[in-house]
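Okay, so here's the structure we're looking at.
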Amino acid sequence: MKDLLRQRLQAALQECYATGTLASGAAPEVQLEVPGNPDHGDFATNLAMMLAKPERKAPRQVAEALVTALGDGGGLWRRLEIAGPGFINFTLAPLAWFGTLDEILRRDAVFGSATTGAGRKVQVEFVSANPTGPLHIGHGRGAAVGDTLCRLLAATGWDVTREFYYNDAGAQIANLALSVQARCLGIEPGDERWPADGYQGEYIRDVARSYLAGETVDAGDQHVTAAADPHDLDAIRRFAVAYLRREQDQDLQAFDVRFDVYSLESALYTDGKVEDVVRRLIASGHTFEADNALWLRTTGFGDDKDRVMRKADGSYTYFVPDVAYHLDKWQRGFSRVINEQGADHHSTITRVRAGLQALDVGIPKGWPDYVLHQMVTVLRGGEEVKISKRAGSYVTLRDLIEEVGRDATRFFFLMRRSDAQLVFDIDLAKQQGNENPVFYVQYAHARVCSINRNAAEQGVPLPAAGEAELAALTLDEEVALTRLLARYPEVVAGAAESLEPHRLAFYLQELAAAFHSYYNRQRVLVDDPAVTRARLLLVNAVRIVLRNALGLLGMAAPERM
RNA sequence: GCGCGGUUAGCUCAGAUGGAUAGAGCGUUGGCCUCCGGAGCCAAAGGUCACAGGUUCGAAUCCUGUACCGCGCGCCA
């Protein structure tokens, strides 16, 4: 619809130049918007105002010329007016809207999807929690945002690879092994033999118990049987990592989040990719030695200080494998990569990008893209629940899903822009009333399904789409509802392009509200069969869009509740 | 101190890439069930868009500065 109007405006502009009514030859991008105020029609353009300067005429004068050239639009609109400082407002003929409904009903499950991605490859890395404990609520936000980003990109034609990176090497893992070992030996937190900065959570006790019992853990491609020897630190480490990977996999499964590729930091070492990157960086001349350490001159790439690559003890700092990992992504052919991560890891961005630039292999400056999510605070009973992994007191993702349900959890995480902090009110998420937007939206879908059931009982089948059937939709609110439905593809495209999944959540609430309002005011199943059929088609178009949008958020569209 | 994010109604937050009279939910107040599911609907009240400048036909939106909140600033990840 928008594209059609845009074409008409382009044509009108060209005609003005051809007839000499306008002279500048300027060709600004034609912007069309849906005005907030319905009095301003269905669409509005600021084209005349943009042309005012190059034309050196008053905006309204330019608008006059354009409106004359637009003519009657061949019945596409029923009103065309110049308003305010020089807007041109279009009010479409009701008939023009029926095409949209027809399209929704015909395209059904794929309505809203697009081909803008043209099958190009994009890789999205998200969650990427260290295997040192269960997933907490912050990972949950990352999982919800990342997963919906993937769904949005796939819906707009991208070939998406979902990837999870396990930091299963390094100091934190060593720390994990020590913590489990301490538990194996019956050492409690607080004991003077307890490792400094050890993980104190109860789950460490579970890992220790399982290890001592000689259990076997299957996680991804890892199958580890516990050696049960509390003095074999290396065996403990392998077992603990596998154990916690399995836990995290189960958490993600409960959240309905899946990955195509799991990458292990440890593999970057065993495959020699870390050494390779170090050699390349040294060869490119961006490193230096100082204080018994090897440094990367990241200040040459916008960092505020240089960073150590190889510590005095000979091991590497975390960002070296990170750079190796991203070089690997690049070499796998991902010219577009999006990393979704918590804002507390923000400082890695400059470092990783700097390392990649220093490699001199033609990686673009701003590569990869990042989507950061801000911190989550949890509210229970109006009180903030403190999160501390090392102290072991925090809300796990699995607890949350069990308590409030998968759908509500996902929706709450996606109700906010990811770069704004989020307050997760557990009590609200659990409520089954109108205070809770999750139920409000899903209920709208269930309601349409209920109407369909009643229609079927009354022997009224859902008619085939077609403009003839839709002509019985004459009410303003029916046009308004259709207008909202017609906006859906743009919402999807906008959310995908700007990497802002929350837009879907807001759109869903708006659509549900419009539907509930319509439902309350008008009956669908009425005496007049023509009206009944038309309204059935309308509410089923609503059902389709609700279901598609819920699907993109990874939520169910229940037929009854 | 430096970097990033935030600041919009009593509360929680949108604001579609610069548009017309700044919106929603919750909460508050007052209405609507002989009616396809009241898990719903309608209405009212509620604003110095943190502050000060700037850019232009036009700014919550872009730029500069200030204030406050969060996060980061390690040879941890």
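The sequence lines fix the lettering, A, B, ..., with proteins before strands; numbering per chain opens at 1. On a predicted model such as this, the values are computed, not experimentally measured, just so you know.
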Next on the checklist: So, OP1 or OP2 of B:G15: does either fall under 4.0 Å of a side-chain N or O from A:Tyr507?
Outcome noted: no

Next on the checklist: As a quick check of understanding, evaluate side-chain contact (heavy atoms from CB on, under 4.5 Å) for A:Phe111 and A:Arg547, giving each step before the final call.
Outcome noted: CA-CA 10 Å; A:Phe111 177 73; A:Arg547 184 202 57 204; over 6 Å; no

Next on the checklist: Categorize A:Gln341 for me: base, sugar-phosphate, or nothing, with a 4.0 angstrom heavy-atom threshold over every strand shown.
Outcome noted: nothing

Next on the checklist: By the 4.0 Å heavy-atom rule, please label A:Arg447 as base, sugar-phosphate, or nothing.
Outcome noted: sugar-phosphate

Next on the checklist: Using OP1 and OP2 only, check whether a side-chain N or O of A:Arg60 sits under 4.0 Å from B:C57.
Outcome noted: no

Next on the checklist: Tell me whether the rings of A:Trp295 and A:Phe288 are parallel (<30°), tilted (30 to 60°) or perpendicular (>60°).
Outcome noted: parallel

Next on the checklist: Return whichever of A:Pro85 or A:Arg453 has its heavy-atom-nearest nucleotide of RNA chain B closer to the 5' end.
Outcome noted: A:Pro85

Checklist outcome for this item: For A:His445 and A:Ala557 the tightest heavy-atom approach is CE1-O, 3.2 Å

Next on the checklist: Under 4.0 Å, counting only non-hydrogen atoms across every strand here, what does A:Asn292 touch: a base, just sugar-phosphate, or nothing?
Outcome noted: nothing

Checklist entry - Contact class for A:Asn89 vs. all strands (heavy atom < 4.0 Å): base, sugar-phosphate, or nothing? => result base

Item to check | Charged N-O contact under 4.0 Å between A:Arg380 and A:Asp427 | outcome: no

Next on the checklist: Between the base of B:G72 and the side chain of A:Asp344, is there a donor and acceptor pair under 3.5 angstrom?
Outcome noted: no

Checklist entry - Under 4.0 Å between a side-chain N or O of A:Lys305 and OP1 or OP2 of B:C2? => result no

Checklist entry - Do A:Phe424 and A:Phe413 have their ring centres less than 6.0 Å from each other? => result yes

Checklist entry - Which whole-number value in Å describes the distance from A:Arg307 CZ to B:G72 P? => result 15 Å

Item to check | Rounded distance (Å) that lies between atom C1' of B:A20 and atom CD of A:Glu33 | outcome: 9 Å

Checklist entry - Which is true for A:Val526 with a 4.0 Å heavy-atom rule: it touches a base, it touches only sugar-phosphate, or it touches nothing? => result nothing

Checklist entry - Whom does B:G70 pair with, Watson-Crick or G-U wobble, provided both distances fall under 3.5 Å? => result B:C4

Item to check | Sugar-phosphate only, base, or nothing, as touched by A:Phe87 at under 4.0 Å among non-hydrogen atoms | outcome: base

Next on the checklist: Can you see if the side chain of A:His502 gets near the phosphate of B:G15 - specifically, an N or O under 4.0 Å from OP1 or OP2?
Outcome noted: yes

Checklist entry - Is the glycosidic angle of B:C33 within 90° of 0, making it syn, or outside that range, making it anti? => result syn

Checklist entry - Does A:Tyr519 put a side-chain nitrogen or oxygen below 4.0 Å from OP1 or OP2 of B:G38? => result yes

Next on the checklist: Going by the glycosidic torsion and a 90 degree boundary from 0, is the base of B:U17 oriented syn or anti?
Outcome noted: syn

Checklist entry - Partner of B:C62 by Watson-Crick or G-U wobble geometry, both contacts under 3.5 Å, or none? => result B:G54

Checklist entry - With distance as the sole criterion, do the side chain of A:Gln374 and the base of B:C71 form a donor-acceptor contact below 3.5 Å? => result no

Next on the checklist: I'd like to know if the side chain of A:Glu81 and the backbone of A:Ile88 have a donor-acceptor N/O pair within less than 3.5 Å.
Outcome noted: no

Item to check | B:C2 to B:G47 separation - P atoms, rounded to the nearest Å | outcome: 37 Å

Checklist entry - Considering only the P atoms, how many Å lie between B:A9 and B:A60, rounded to the nearest integer? => result 15 Å

Checklist entry - When the nearest nucleotide of RNA chain B is assigned to A:His346 and to A:Arg310 on a heavy-atom basis, which residue is associated with the more 5' position? => result A:His346

Checklist entry - Heavy atoms under 4.0 Å, any strand shown: does A:Val524 hit a base, just sugar-phosphate, or nothing? => result base

Checklist entry - Are OP1 or OP2 of B:C42 and a side-chain N or O of A:Ser517 less than 4.0 angstrom apart? => result yes

Item to check | Same-atom distance (P) from B:A59 to B:U21, integer angstrom | outcome: 11 Å

Checklist entry - Can you check the A:Leu504 CG to B:A16 C1' distance for me, whole Å? => result 12 Å

Checklist entry - Reckon A:Thr317 touches a base, only the sugar-phosphate, or nothing at all at heavy-atom distances under 4.0 Å? => result sugar-phosphate

Checklist entry - Touch check for A:His40, heavy atoms < 4.0 angstrom, all strands: base, sugar-phosphate only, or nothing? => result base

Item to check | Pairing nucleotide - B:A43, Watson-Crick or G-U, each distance under 3.5 Å | outcome: B:U29

Checklist outcome for this item: For B:G23, the nucleotide meeting Watson-Crick or G-U wobble distances (both under 3.5 Å) is B:C13

Checklist entry - Can you tell me if A:Arg351 and A:Tyr318 form a side-chain donor-acceptor pair at under 3.5 Å? => result yes

Next on the checklist: I need the CG-C1' distance between A:Asp304 and B:G74, as an integer number of Å.
Outcome noted: 13 Å

Next on the checklist: Taking only the P atom of each, what is the distance from B:G72 to B:U28 in whole angstrom?
Outcome noted: 37 Å

Item to check | Gap in Å between the two C1' atoms, one belonging to B:A22 and one to B:U64, rounded | outcome: 25 Å

Next on the checklist: What contact category does A:Asn46 fall into here, base, sugar-phosphate, or nothing, at under 4.0 angstrom with non-hydrogen atoms?
Outcome noted: base

Checklist entry - When rounded to the nearest Å, what value does the distance between C1' atoms of B:A20 and B:C57 take? => result 13 Å

Next on the checklist: What is the separation between atom NE2 on A:His373 and atom C1' on B:C4, rounded to the nearest whole Å?
Outcome noted: 15 Å

Checklist entry - If you measure from the C1' atom in B:A52 to the same atom in B:C11, how many Å do you get, rounded? => result 28 Å

Next on the checklist: Taking the P atom in each of B:U7 and B:G27, what is the distance between them to the nearest angstrom?
Outcome noted: 24 Å

Checklist entry - Between A:Tyr519 and A:Phe515, how do the two ring planes meet: parallel, tilted or perpendicular, split at 30° and 60°? => result tilted

Checklist entry - What nucleic acid atoms does A:Ala455 come within less than 4.0 Å of, heavy atoms only: base, sugar-phosphate, or nothing? => result nothing

Checklist entry - For A:Thr350, which contact category applies under a 4.0 Å heavy-atom criterion: base, sugar-phosphate, or nothing? => result nothing

Next on the checklist: Counting the atoms with a prime plus P, OP1 and OP2 as sugar-phosphate, which does A:Ala58 contact under 4.0 Å by heavy atoms, base, sugar-phosphate, or nothing?
Outcome noted: nothing

Next on the checklist: Between A:Gln341 and A:His345 (side chain of the first, backbone of the second, donor and acceptor by atom type, cut-off under 3.5 Å), is there such a pair?
Outcome noted: yes

Item to check | Below 4.0 Å: OP1/OP2 of B:G6 and any side-chain N or O of A:Arg417 | outcome: yes

Checklist entry - Is A:Ala52 touching bases, backbone alone, or none of the nucleic acid, heavy atoms closer than 4.0 Å? => result nothing

